[in-house]
Amino acid sequence: MLLIHELRAHRERAITGLRKRGLKEAQLALVDKAVDLDDQRKETQTRLDSLLAERNQLSREIGKLFQAGRQDEANTAKERVAQLKEEAESLQKSMNEIQDEIESCLLNLPNIPHESVPAGQSEEDNEIYRAWQGSMPVLPPDALPHWELAEQYGIIDFKLGAFITGSGFPLYRGDGARLQRALINFFLDEAREAGYVEVIPPYMVNAASARATGQLPDKEGQMYHMEKDDLYMIPTAEVPLTNMYRDQILQESDFPVKLTGYTPCFRREAGSYGSDVKGLNRVHQFDKVEIVHLAHPDNSYEVLDEMLAHVSGLLDKLQLPYRILRLCGGDLGFTSALTFDFEVYSAAQGKWLEVSSVSNFETYQANRMKLRFKDGNGKTRLAHTLNGSALALARIVAALLENNQKEDGISIPEVLRRYTGIDMIR
RNA sequence: GGAGGAGUGGCAGAGCGGUUGAAUGCACCGGUCUUGAAAACCGGCAUACCGGUGACGGUAUCGGGGGUUCGAAUCCCUCCUCCUCCGCCA
């Protein structure tokens with residue numbers, strides 16, 4: 001959530017930034033509306049506060065009058081308080097309405113993009129931040145896409161998953177399951193060695209948590225919701241991990257807070273269709289190791305670089321061709337100020353698949369969840385939150401299968417062999 | 001799922017209708033003392049908002065929400081969480 005006093009103080013910067021996202025004028029108008037409403041709020045609060053102050057004052061006097069046995073005077077004062085109370089109630093009501101309206105304006109305003117974010121409408125306009133310099137995999141002439149390899153080697157069963165649950169819920173078995181587990185362990189070990197504290201969080205969260213990281217209200221339809229208990233299946237470990245620090249005030253010396261967690265991720269992917277959804281390209285349940293960083297505002301962009309380097313390192317070790325995109329304004333997530341996507345080349349499909357998204361949210365999430373810290377002067381300030389996939393499994397598996405297929409099987413990357421115990425899937 | 005108990009500041013823990021935003025202790029910060037440290041002593045130490053250049057003043061918050069009352073941390077209702085016992089169970 002954007003800060004109202006920032007919008008007030010730097011209106012032009014906010015508007016210019018939001019324009020980069022391609023927001024329509026009607027939505028941009030929310031900025032001015034929020035500030036106007038906040039003016040009203042201040043005025044209302046000033047009046048309300050003075051009414052309440054008078055009420056408190058009188059109440060104290062009534063107490064003394066009663067003790068002194070001066071009933072008549074006390075009763076006169078009571079009448080005055082009753083009158084104040086009525087006025088205060090009506091002011092309180094309009095104050096609440098104004099505040100709800102401000103909140104709804106702010107909830108509908110996305111984060112202001114970082115200055116380096118290129119303008120643009122859609123993914124076509126994303127900037128290639130780092131292109132792949134290395135060689136591309138050379139495939140055998142009869143190379144197959146991963147969904148056919150999966151069937152041929154009996155390692156992923158899409159049909160059975162669909163039978164048990166529904167489409168988009170793959171079932172991994174044998175070496176396929178083993179490969180999943182190997183990747184999870186590899187990613188977690190790498191994260192731990194990079195100083196991230198491993199966490200196993202709950203896989204369902206309440207509405208307050210989903211709101212804090214920004215999944216609610218803007219991604220409501222994308223989460224699985226357990227109506228009976230009003231809980232949401234997590235779409236990413238980002239939600240529970242970041243919420244570990246909701247409503248907290250850290251000490252400056254607590255930074256950096258580095259967390260990692262493996263969780264399954266659940267996404268409804270409502271509205272998806274077409275060839276994008278074939279095989280592992282887009283599924284409702286997938287495994288992911290996430291890294292989360294809580295950082296001091298002064299160095300959060302250095303932290304972002306550090307995270308990019310970490311993710312790059314993973315892909316280098318897996319020997320997968322990848323490129324890094326800097327998302328344009330139109331493709332940028334609602335809550336993010338700057339996002340880099342990692343795409344891996346899945347050779348048999350001839351497609352770049354997104355396997356990681358690394359973002360700095362600056363104070364946007366922190367403001368929603370009231371995640372603060374005390375700076376050197378003892379002042380309370382909002383922290384910056386960052387997170388990234390390191391990495392999302394399903395598509396990594398797709399690329400590994402396709403890129404590493406040989407005449408006699410699928411070779412396992414060197415770094416994974418100590419986890420899989422095998423060097424080929426046959 | 002059933003029965004009972006409890007939720008107060010960073011922690012511990014008083015208060016149970018009226019200058020209580022909240023005693024006291026611990027922790028923490030500053031000072032005095034000391035060559036230095038400890039001890040002792042003195043002072044400070046919640047969050048958010050409103051008004052004010054500022055000093056400062058005001059309002060709200062004692063798990064969340066609602067109610068009773070001139071006045072609520074204190075009484076009532078409701079929800080949540082934790083603890084104990086019973087039931088069920090990986």
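Naming: A, B, ... by sequence-line order, numbering from 1 per chain.
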Footprint string (nucleotides 48-59 of chain B, 5' to 3'): B base within contact, S backbone only, - free, heavy atoms under 4.0 Å: SBSS------BS
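Atom-to-atom, CG of A:D375 to P of B:C29 comes out at 17 Å; the value is rounded to the nearest Å. The nearest whole Å value for the distance from the CG atom in A:N75 to the P atom in B:U69 is 15 Å. Between A:Q99 atom CD and B:A60 atom C1' the separation is 11 Å, expressed in whole Å. When the C1' atom of B:A60 is taken as reference, atom CD of A:Q92 falls 9 Å away, rounded to whole Å. In this structure, A:D247 places its CG atom 14 Å from P of B:G9, rounding to the nearest Å. Here B:U47 presents its P atom at 15 Å from CZ of A:R381, a figure rounded to the nearest Å. Rounded to whole angstrom, the span from the CG atom of A:D230 across to the C1' atom of B:C79 amounts to 13 Å.
Scored by the side-chain hydrogen bond (donor to acceptor under 3.5 Å, both in side chains) test, A:S356 finds no partners at all (sequence neighbours excluded). Every residue meeting the side chain to side chain contact (heavy atoms under 4.5 Å, CB included) condition with A:R8, not counting sequence neighbours, appears here in chain and number order: A:V35, A:D38, A:D39, A:K42. Remark: A:H293 pairs with A:Y196 by the ring pair (Phe, Tyr, Trp, His ring centres under 6.0 Å) rule, at least two apart or across chains. By the ring pair (Phe, Tyr, Trp, His ring centres under 6.0 Å) test, A:F340 pairs with A:Y129, sequence neighbours left out. For A:Y419, there are no ring pair (Phe, Tyr, Trp, His ring centres under 6.0 Å) partners, not counting sequence neighbours. Under the rule for a salt bridge (Lys or Arg N to Asp or Glu O under 4.0 Å), the partners of A:E25 that lie at least two apart in sequence or sit in another chain are A:R19. Looking at residues two or more places apart in sequence or on another chain, you find a ring pair (Phe, Tyr, Trp, His ring centres under 6.0 Å) between A:H225 and A:Y232. Residues satisfying the side chain to side chain contact (heavy atoms under 4.5 Å, CB included) test with A:K374, not counting sequence neighbours, are A:I249, A:Q251, A:T380.
Stem regions annotated for RNA chain B: B:1-7 with B:80-86, B:10-12 with B:24-26, B:28-32 with B:40-44, B:46-51 with B:56-61, B:63-67 with B:75-79, counting only runs of 3 or more consecutive pairs of Watson-Crick or G-U type with both contacts under 3.5 Å.
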Atom pairs and distances, donor-acceptor, side-chain atoms in residues 161-176 of chain A, under 3.5 Å, two or more places apart:
{"unit_1": "A:R173", "atom_1": "NH2", "unit_2": "A:D157", "atom_2": "OD2", "d": "3.1"}

Salt bridge (charged side-chain N to carboxylate O under 4.0 Å, His left out) between A:R80 and A:E54: does it pass, once the steps are laid out? CA-CA 10 Å; A:R80 171 64 185 150; A:E54 194 183 340; 2.9 Å; yes
Polar atom pairs between nucleotides 61-68 of chain B and protein, under 3.5 Å, N or O only, would you list them?
none

